[in-house]
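What follows is a set of notes on a single structure, which appears directly below.
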Amino acid sequence: MAKCSKCNKRKAKRYCPALGSYLCSLCCGTLRQKEIHCPANCSYLAKHMPYQEKKILEKKVKSPRNFIEEKDIFQDERLAWLALHIEAPLKEYSEIKESFTDGDAILALEYAKEKINREERLIFIPGKENTPQNKAGDAVYHNIEKCRYEKKIIIPGEQHFYSKEEKIKCLERIILSVKFLARGNFRARNYIQHLISRFEKIKELSIQNKLITTT
């Protein structure tokens, strides 16, 4: 049996359609959805996903008290602006798709977080079977990447980009909010309902103050 095309050490027992070659089980598990964008029809991905999603949802995060004791992102106008753009796609998806749950929101946020953390590009294969593995997560990611802080006083030449650390901090804080409001019931929409309500209040305030908010 041939050796793994990545590590060139262990026996290659799994065919990878993304690479067009064989991998050992360790490299398959390590690279899956990190360096390799696995096709939706990959049997190893299908077998892995339920376990991975359960692991993500049950992952422990800092307690709310720890965040409150630190400088919370919602007390920082600049980071709060980014948080607004992170949550906007979740609101849109939850309104379009009634089955979109708090668990789906967490998976989308974690997907975006992983994508930001990843420096190397994923390997793609052309074809319909390779649509984004998490469309809501991709929407969150793209909103983060195009978000710029709009200061009231703009200085010519001044850039208002967000650092990788700031993006991750905001994502982790929102993930905490989802898990706190979900209270372990990830199939419900406790956070989602709270999110929709908050955006309605923002819209009302924007109208009252004649402000236009982008989503």
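A 4.5 Å side-chain heavy-atom check between F199 and L195 finds at least one atom pair inside the cut-off. Two residues are said to be in side-chain contact when any heavy atoms from C-beta on lie closer than 4.5 Å; L90 and Y93 fail this criterion. Side-chain contact between L181 and I192 is absent, with no heavy-atom pair separated by less than 4.5 Å. Using a 4.5 Å heavy-atom threshold, the side chains of L82 and Y149 count as separate. Put simply, the side chain of K3 does not reach to within 4.5 Å of the side chain of K11, judged on heavy atoms. Counting heavy atoms from C-beta on, the side chains of R10 and C27 come closer than 4.5 Å. With a 4.5 Å cut-off on side-chain heavy atoms, E110 and K113 count as touching.
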Pairs under 3.5 angstrom only: tabulate donor-acceptor contacts from the side chains of residues 13-21 to other protein residues two or more places apart or in another chain.
| from | atom 1 | to | atom 2 | distance (Å) |
| --- | --- | --- | --- | --- |
| S21 | OG | S5 | OG | 2.9 |

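The CD1 atom of I174 sits 6.0 Å away from the CG atom of L171 when rounded to the nearest 0.5 Å. Here K9 contributes atom NZ and C7 contributes atom SG; the two are 7.0 Å apart, rounded to the nearest 0.5 Å. Taken to the nearest 0.5 Å, the SG atom of C170 stands 12.0 Å off from the CD atom of E165. How far OG of S94 is from CD1 of I196: 4.0 Å, rounded to the nearest 0.5 Å. Here L31 contributes atom CG and I36 contributes atom CD1; the two are 4.5 Å apart, rounded to the nearest 0.5 Å. Interatomic distance, Y22 OH to C28 SG, rounded to the nearest 0.5 Å: 13.0 Å.
Under the 4.5 Å side-chain heavy-atom criterion for Ile, Leu, Val, Met, Phe, Trp and Tyr, F100 and V140 are members of the same hydrophobic cluster. Residue L23 is not grouped with residue Y44 when hydrophobic side chains (ILVMFWY) are merged at heavy-atom distances under 4.5 angstrom, including chains of intermediate members.
Cation-pi check for R148 over Y162 is not met; the charged atom does not lie both under 6.0 angstrom from the ring centroid and within 45 degrees of its normal. Under a cutoff of 6.0 Å and an axis angle of 45°, K115 and Y141 form a cation-pi pair.
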Subject >> Stepwise salt bridge (charged side-chain N to carboxylate O under 4.0 Å, His left out) check, K91 with E95 >> reply: CA-CA 6 Å; K91 172 186 173 289; E95 291 178 328; 3.0 Å; yes
Subject >> CA sep, side-chain torsions, deciding dist, call: I144, H85, side-chain contact (heavy atoms from CB on, under 4.5 Å) >> reply: CA-CA 7 Å; I144 291 173; H85 284 71; over 6 Å; no
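Without hydrogens or angle criteria, T101 side chain to R189 main chain gives no donor-acceptor distance under 3.5 Å. With hydrogens and angles disregarded, no donor-acceptor distance shorter than 3.5 Å links the side chain of N117 to the backbone of E114. The main-chain N or O of N190 is found under 3.5 Å from a side-chain atom of D102 such that the two form a donor-acceptor pair. Distance alone, capped at 3.5 Å, is enough to place a donor-acceptor pair between the E166 side chain and the S163 backbone. Between the side chain of N143 and the main chain of I86, no donor-acceptor pair closer than 3.5 Å is present.
If you check the side chains of Y191 and E87, you find a donor sitting under 3.5 Å from an acceptor.
With respect to the salt-bridge test (charged N to carboxylate O, under 4.0 angstrom), the residues E145 and K167 qualify.
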